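Read the structure below first, then the notes.
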Amino acid sequence: MTLDPSQLTLEQKASLLSGRDFWSTKEIAEAGIASIVLTDGPHGIRRQKGDADHLGIHDSLPSTCFPPAVAIGSSWDPELARAVGGAVGEEGVAFGVSVVLGPGINIKRSPLCGRNFEYYSEDPLLSGALGAAHVIGLQAAGPGASVKHFAANNQETERMRVSAEVDERTLREIYLPAFERVVKEAAPATVMCSYNKVNGVSASHNRWLLTEVLRGDWRYEGAVVSDWGAVSDRVEGVRAGMDLEMPGSNGTTDAQVVEAVRRGELDEALVDASARRVLQLAELAYEATDELDVDGHHAVARRAAAESVVLLKNDGVLPIAGGKSIAVLGAFASQPRYQGGGSSHINPTRVDAALDEIRAFAQAHGSTVDASAGFTLEGADEDAGLALRAEAVAIATAADVAVVFAGLSDREESEGFDRTTLMLPEAQVALIRAVAATGTPTIVVLSNGGVVSLEGWHDEVAAIAEAWLLGQAGGGAIADVLFGAVNPSGHLAETIPLRLEDTPSWLNFPGEQGHVRYGEGVFVGYRHYTTAGVPVRYPFGHGLSYTTFRTDAVEAEVVGDDAVDVAVTVTNTGKRTGKHVVQVYVSTDTGPVRRPLRELRAFEKVSLEPGETRRVELRLDRRAFAYWDIEQHDWVVPAGEYTVQVCSDASTVLVEERVALAGDALVCELTMESTVGDWFGHPVVGPALMAGLTASMTPEQAEQAEQNPDGLKMVESMPMQQFLVFTNGAIPIEALEQLIDLSKAPVAVV
Ligand code: BGC
């Protein structure tokens with residue numbers, strides 16, 4: 001049973017509210033309170049025994065480097081996320097880690113964000129489903145999770161002090177739902193608040209965020225921990241519900257907390273509440289078992305990596321047939337980039353290079369391999385660069401098929417800074433083009449944490465596999481996909497745009513003078529491209545397979561409280577076993593706010609044998625149809641028509657079905673400030689007002705009104721108060737008062 005904070009002195013309680021050092025909390029031996037270890041996370045354990053840092057500079061003990069979130073996001077497979085979370089959790093136990101920091105579930109607002117490799121998606125539903133699964137797997141193994149970075153931490157530029165200016169609807173619909181889902185579904189032991197400010201108030205002392213939303217609306221019962229060094233005002237933080245400051249502050253901030261209570265400026269009950277939550281966390285303390293399943297976890301990492309590769313384009317060259325001479329080109333083939341730089345940097349137990357794995361497959365398939373780097377990751381001088389490319393081109397010319405490994409190095413992207421371009425380094429683009437120009441069918445394999453542009457070479461190559469950062473077993477996973485040992489089933493969790501200028505946050509990223517305005521509102525990622533009709537290279541949700549699938553008509557049935565049951569039948573129409581992702585979106589233009597053209601509301605990944613047909617059933621609850629209403633401060637389902645669309649990606653509807661929802665009944669009380677449009681548009685008052693007005697008209701006025709049905713248009717946005725002044729009191733005030741009473745009854749929102 002958790003110790004009651006009332007049994008501790010004020011000093012002891014305050015001491016619990018900040019770390020002992022970089023990676024652990026304080027113990028209070030005389031009260032039997034243990035110290036616990038928190039460490040990164042999320043795609044492996046970064047347990048440092050020597051010098052500590054949160055930038056991935058100093059070494060950590062070897063552990064399995066699983067695929068980072070950018071890869072798992074593309075798997076669209078919560079079961080896989082759960083398995084990876086579970087394996088990370090087991091390693092946490094081996095190292096005696098009580099809280100593994102992560103997963104990071106921030107939305108990829110801009111493809112330029114340096115930390116996108118650590119985040120799942122541009123879509124909150126996908127991010128939340130995968131994040132929750134990871135946390136469930138992790139926590140079932142023992143350690144607690146720390147879902148991060150709460151909230152609106154969508155860039156690295158000025159991340160420690162920028163103020164994210166985000167309107168309430170956008171926060172609720174885009175930036176908060178993934179956290180909400182993880183909190184409600186997976187009960188993470190901790191939530192990590194971010195460095196940045198949210199609408200001017202630091203996340204580390206943002207009461208609205210940490211107490212009203214997190215604990216009030218979502219009923220979160222765990223502890224809030226600060227990002228490392230995020231605390232700017234500790235006393236304000238305690239008031240806001242920020243429980244544990246990390247790393248330690250050598251007791252400085254503990255003394256501030258004690259002092260504030262003594263002076264009567266801070267309610268001791270708040271210190272007790274935070275201390276209670278840290279005590280609850282301390283129960284996760286245990287000894288390291290030192291038992292690491294190195295081979296077993298490498299195998300999990302390989303399976304997860306293979307499931308996450310997205311086949312973007314394939315003219316039939318893939319999978320590579322047997323008996324071929326294969327040119328393997330590009331530095332990443334032998335120097336794999338498999339994780340991002342910064343706090344999540346893992347010291348892997350081993351690393352598979354794609355080149356070695358391809359050689360092994362080739363041998364088994366009666367194929368031969370010739371390899372050349374073609375470019376260097378460090379950048380070579382012009383002559384050396386040309387020589388490298390010439391060698392690669394010669395090898396490609398002599399081969400039946402060429403595979404070019406291109407991507408971004410640690411120099412181009414990392415935690416701590418954002419990119420300024422989507423382009424691959426020039427030497428790589430030049431290599432791809434030169435190899436493709438030989439006429440040898442060219443396959444490009446990409447290794448990158450953030451989206452890169454495919455322009456300038458896309459049409460010249462035969463196939464493109466987006467292999468993201470795949471963790472330590474990525475090399476084997478890539479070979480599995482290239483040779484067809486694994487049928488690719490990854491789908492894009494983020495759009496690949498044609499131009500950086502097309503991205504929705506382009507004009508507002510990364511902000512200026514300390515502020516970043518989320519001016520695109522809810523129109524993030526595909527919500528923008530589809531609604532504004534902006535063409536993209538590959539839409540969110542896109543991903544090819546070595547087999548083909550057919551989706552038959554969808555059934556959608558309204559059940560209960562504005563929920564809809566969806567059933568769809570899918571068939572594997574090809575010759576190989578493969579996995580298909582059923583993507584269900586909802587489209588509507590009903591209601592008082594502008595909605596994205598369509599939004600992902602459910603998905604399921606299913607494995608089908610050749611010829612197999614499966615009926616997939618999914619439930620869309622009322623939230624799938626709701627928007628966040630800033631007047632009600634609540635989710636509202638407007639009455640009206642909704643289209644349930646089963647899509648192969650965010651731009652391609654396969655089958656659809658309409659449903660009509662009764663929607664919510666809300667009080668839309670009218671006042672003299674309400675506009676003429678509000679009055680006439682009110683479902684009950686409007687018709688009554690119109691009837692009264694018509695009855696009071698002279699025959700000439702009635703005829704005039706009939707001839708000019710748009711007569712009210714000019715005054716629609718005029719408050720009733722002003723309207724009365726301009727019309728010499730056209731409607732008697734008593735009549736309006738009666739109508740105001742009528743407006744107090746709930747009506748359907750349309
Ligand atoms: C990062 C966190 C990380 C922490 C500890 C911070 O700089 O933002 O994601 O968990 O360091 O390393």
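Counting convention: from 1, in listed order, for ligands and their atoms alike. This structure is a prediction, so every number in the text was calculated from the model and none was measured. All residue numbers in this chain count up from 1 along the given sequence.
- Residues passing the ring-ring contact (aromatic ring centres under 6.0 Å, His included) test with Y175, sequence neighbours excluded: Y518.
- Separation of atoms SG (C113) and CD (E415) is listed at 9.5 Å; rounding is to 0.5 Å.
- Inspection of the H149 and R159 side chains reveals no N or O donor paired with an N or O acceptor under 3.5 Å.
- The pair R527-E599 meets the salt-bridge criterion, since a charged nitrogen lies less than 4.0 angstrom from a carboxylate oxygen.
- Here K49 does not pair with D59 in a salt bridge; the nearest charged N to carboxylate O distance is not below 4.0 Å.
- Side-chain contact check for N508 and S505: no donor-acceptor pair (N or O, by modelled atom type) lies under 3.5 Å.
- The 4.0 Å heavy-atom shell around ligand 1 contains residues W23, D40, R46, H54, L101, R115, K148, H149, R159, M192, Y195, D227, W228, S343, E415, ordered by chain and number.
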